[in-house]
Amino acid sequence: MLPDKLMLMGIKTVLEAKVKEAVLSIFNAELPAVEFQPTRKDFEGDITVVVFPMLRVVKGNPAQIGEQIGAFLEEHVEEVSAFNVVKGFLNIVLNDSFYVDFFNGIKDEANFGSVEEVAADAVMVEYSSPNTNKPLHLGHIRNNLLGYSVAEILKASGKKVYKTQIINDRGIHICKSMLAWQKMGNGETPESTGLKGDKLVGNYYVAFDKAYKAEIAKMLSDGVDEKVATKEAPILLEAQQMLIKWEAGDDEIVSLWKKMNGWVYDGFEITYKNLGVDFDQLYYESDTYLLGKDVVADGLKKGVFFKKDDGSVWIDLTEDGLDEKIVLRSDGTAVYMTQDIGTAIQRVKDYSDIKGMVYTVGNEQDYHFKVLFLILKKLGFSWAEQLHHLSYGMVDLPSGKMKSREGTVVDADDLMVEMTNTAKKISEELGKLGEYSENEKQDLYKMVGLGALKYYILKVDPKKRILFDPEESVDFQGNTGPFIQYTYARIQSILRKAKDTGVDFNAMAEVSDNLHPKEKELIKQLQLFPDMIQLAATNFSPALIANYVYDLVKEFNSFYQQVSILGETNESKKALRVQLSKKVSEVVESGFKLLGIEVPERM
RNA sequence: GGUGGCAUAGCUCAGCUGGAUAGAGCACCUGCCUUCUAAGCAGGCGGUCCUAGGUUCGAAUCCUAGUGCCAUCACCA
């Protein structure tokens, strides 16, 4: 007998071998492979063998072939209790003992579905990576949730993971905020205004833009050409001067830069904490923006890059179907690409066990990463084969695109507060939280509100664009986070009562219990969890986990509706149902943990 | 214009390596709370899977062409 954990894998292997054996003995033909699929709900059976592909080696009527193979399996495979053939599909019915054994095998397994860490196989996941001139918005939320969740999924799939971000803390955009604050700030601070630091700095970024636009308008009315005006508005020139001073290490500018960035970091920290994401290592662009130049020099020697007459350095990717791309300016300064090359190499130096990296960045940068990865491969780094751009679609509003300058962005902090308030409103209307303290209630509202937000975003395939409808995102019914949390809370309620009434949580399920169809369906669904984690990891897709958990919960609710759990008079059956409910809630909890969503004891 | 992505019910989305009558939720209509939490369950309505070809026993899924939307094609980041 196989170890219980291997039952699922085992049954396929056993069936495959037996089907081949059947074909050999009945038709005297060698079958290269057997195709299985889960049996559709409308038919009786648990697993289905597709007969059509066999027609290549076996001549005959698919239905008849199915019948003959089915009869052979029923006779020779212990787990097969019955079969039926519809068209070319051989539906196999497995007996209860198969399911009972499987369930007994996993019911006490603590981290069911996850795989032990294989330390030699580390991957670095980069996400968030904001600019320090304005607060985080809905787009960053998608980025953070995706990156965090993929990191958790990779961990569960057996990888060692380092979570990181590169903070874009330098450049002209920060100088704009700094300059506006210098000119109009009157010494304001987060303390003096009561504003979150990132919000305060963001306000000055907006103030800069306003002043800049006003200057352009004035220049235009003075008869200046529009192109000239946008390039030569005094305040813009001043910001550019500031950047030059910063790069030269000017004391005054650098200390202002440190002060204002400090405010922003304090603000970001609050947002990250509320969002429930974290990082193992931070990289700052101010530390890395000079990296990569020596690599370019090196690559130039190797002939990977070439120099143009003006001194700029390029790579020719036309043979790979791409264009020429600049990697170093003619004045010898770095471009974005230079920096990314340098940073990637630096990371592998910092963490020698890294075998791959994941970059969570919006799909508008698809081309950039395609080029970056290609360059790193051409430079000959072995780890360059394992780079992945976790590219995701933009988040749009029903009104169209979010644009910070037009004030149509959805602020991350505001959104979280709004979702929490909605959860509070709904919860109060339902009024089920009598025994909760005020603090416990607040925690729950936040848990539910954020659960709704996170699930709403993560259930969508990352590469697809999201239409964020505030109305719909606030819906807590149907395929939503709160619906799943609710099911979890209901199970917890049953488990509390089960404990009080002395249900045996350790009893082994018995074949003689005669599994209810709904129980069987639940066990089938549970069986899929480990595979689902692996699939989500290879596809970098939290959406697969979200949809899996939803299906599991749907199945449970149906079970809950049809059969009585605590009302069951047969003690052994009752124990099975309680334990099954417990296992479902554990899988919901682990699945949601992979999405960064918490589950409540009651709601 | 070149390149890449996306296109499935009124709306928002699933659909794994090609498989049976394409599935959920929302919305709309019916039922079900003196029994484990109705944020639930059961049922109904609703589809030219963008279009046209092709490959295959079989295509929403793979290939080709076209249409639409989005992104990208800077000595910006």
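In what follows, chains are A, B, ... by sequence order, proteins preceding strands, each numbered from 1.
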For [X] and [N], give me the distance from atom [atom1] to atom [atom2], rounded to whole Å.
| X | N | atom1 | atom2 | result |
| --- | --- | --- | --- | --- |
| A:D475 | B:C13 | CG | C1' | 14 Å |
| A:I174 | B:C76 | CD1 | C1' | 13 Å |
| A:I484 | B:A14 | CD1 | C1' | 13 Å |
| A:Y455 | B:A14 | OH | P | 11 Å |
| A:L467 | B:G25 | CG | C1' | 16 Å |
| A:L552 | B:A24 | CG | P | 17 Å |
| A:L390 | B:G5 | CG | P | 16 Å |
| A:L317 | B:G4 | CG | P | 15 Å |

[atom1] atoms of [N] and [M], separation to the nearest Å:
| N | M | atom1 | value |
| --- | --- | --- | --- |
| B:U8 | B:C13 | P | 9 Å |
| B:A7 | B:U51 | C1' | 12 Å |
| B:A77 | B:G58 | C1' | 50 Å |
| B:C63 | B:U55 | C1' | 7 Å |
| B:A22 | B:C6 | P | 24 Å |
| B:G15 | B:C73 | C1' | 34 Å |
| B:A42 | B:U61 | P | 31 Å |
| B:C11 | B:G47 | P | 12 Å |

So, is A:K370 near the phosphate of B:G4, with a side-chain N or O under 4.0 Å from OP1 or OP2?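 Checking A:K370 against B:G4: no side-chain N or O falls below 4.0 Å of OP1 or OP2.
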Looking at A:R329, does any N or O in its side chain come under 4.0 Å of the phosphate oxygens OP1/OP2 on B:A77?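 Checking A:R329 against B:A77: at least one side-chain N or O falls below 4.0 Å of OP1 or OP2.
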With [X] via salt bridge (charged side-chain N to carboxylate O under 4.0 Å, His left out) - residues at least two apart:
| X | value |
| --- | --- |
| A:R602 | A:E435 |
| A:D461 | A:K463 |
| A:K370 | none |
| A:E324 | A:K308 |

Map every base of RNA chain B to its dot-bracket character, where paired means a Watson-Crick or G-U wobble contact with both distances under 3.5 Å and | marks a partner outside the strand. (((((((..((((.....[...)))).(((((.......))))).....(((((..]....))))))))))))....
Summary of protein contacts for [range], nucleotide by nucleotide, where a base hit scores B, a sugar-phosphate-only hit scores S (4.0 Å, heavy atoms):
| range | value |
| --- | --- |
| nucleotides 67-74 of chain B | ----SSS- |
| nucleotides 15-23 of chain B | S---BBS-S |
| nucleotides 35-42 of chain B | -BBSBSSS |

From C-beta outward on A:V460, which listed nucleotide comes closest to its side chain: B:A14, B:C26, B:A77?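 Per side-chain heavy atoms of A:V460, the pick is B:A14.
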According to ring pair (Phe, Tyr, Trp, His ring centres under 6.0 Å), who are the partners of A:H140, at least two apart in sequence or on a separate chain?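 A:H140: ring pair (Phe, Tyr, Trp, His ring centres under 6.0 Å) contacts with A:H137.
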Residue list, ring pair (Phe, Tyr, Trp, His ring centres under 6.0 Å) with A:Y456, at least two apart or on another chain: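 Partners of A:Y456 by the ring pair (Phe, Tyr, Trp, His ring centres under 6.0 Å) criterion, ordered by chain and then number, come out as A:F468.
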Let me check something: any side-chain donor-acceptor pairs from residues 311-323 of chain A under 3.5 Å, sequence neighbours excluded? List them with distances.
| from | atom 1 | to | atom 2 | distance (Å) |
| --- | --- | --- | --- | --- |
| A:S312 | OG | A:D310 | OD1 | 2.7 |
| A:S312 | OG | A:W314 | NE1 | 2.8 |
| A:D316 | OD1 | A:T318 | N | 3.0 |
| A:D316 | OD1 | A:T318 | OG1 | 2.6 |
| A:D316 | OD2 | A:T318 | OG1 | 3.4 |
| A:D320 | OD2 | A:K378 | NZ | 3.2 |

Can the ring centres of [X] and [Y] be said to be less than 6.0 Å apart?
| X | Y | answer |
| --- | --- | --- |
| A:F483 | A:Y486 | no |
| A:W246 | A:Y289 | yes |
| A:Y392 | A:Y127 | no |

Regarding A:T487 and A:N557, is there a side-chain donor-to-acceptor distance under 3.5 Å anywhere?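 Yes, side-chain donor-acceptor contact under 3.5 Å.
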Strictly by modelled atom types, are A:R465 and A:N363 linked by a side-chain donor-acceptor pair under 3.5 Å?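 Result is no, nothing qualifies.
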Rounded to the nearest 0.5 Å, how far apart are OH of A:Y359 and CG of A:L372?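 Nearest 0.5 Å value for the OH-CG distance: 5.5 Å.
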Could you tabulate the donor-acceptor pairs under 3.5 Å formed by side-chain atoms of residues 547-554 of chain A, not counting sequence neighbours?
| from | atom 1 | to | atom 2 | distance (Å) |
| --- | --- | --- | --- | --- |
| A:N547 | ND2 | A:A543 | O | 3.0 |
| A:Y548 | OH | A:Q525 | O | 2.7 |

Go through it in stages, so that I can follow the logic: the residues are A:K307 and A:L300, the test is side-chain contact (heavy atoms from CB on, under 4.5 Å), and I'd like the CA-CA distance, side-chain angles, deciding distance and then a yes or no. CA-CA 8 Å; A:K307 196 175 252 186; A:L300 202 49; 4.1 Å; yes
Closest nucleotide of RNA chain B for A:K463 versus for A:N131: which of these residues is on the 5' side?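 Its nearest nucleotide being more 5', the pick is A:K463.
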Syn or anti conformation of B:C6, syn meaning chi within 90° of 0: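 This nucleotide is in anti.
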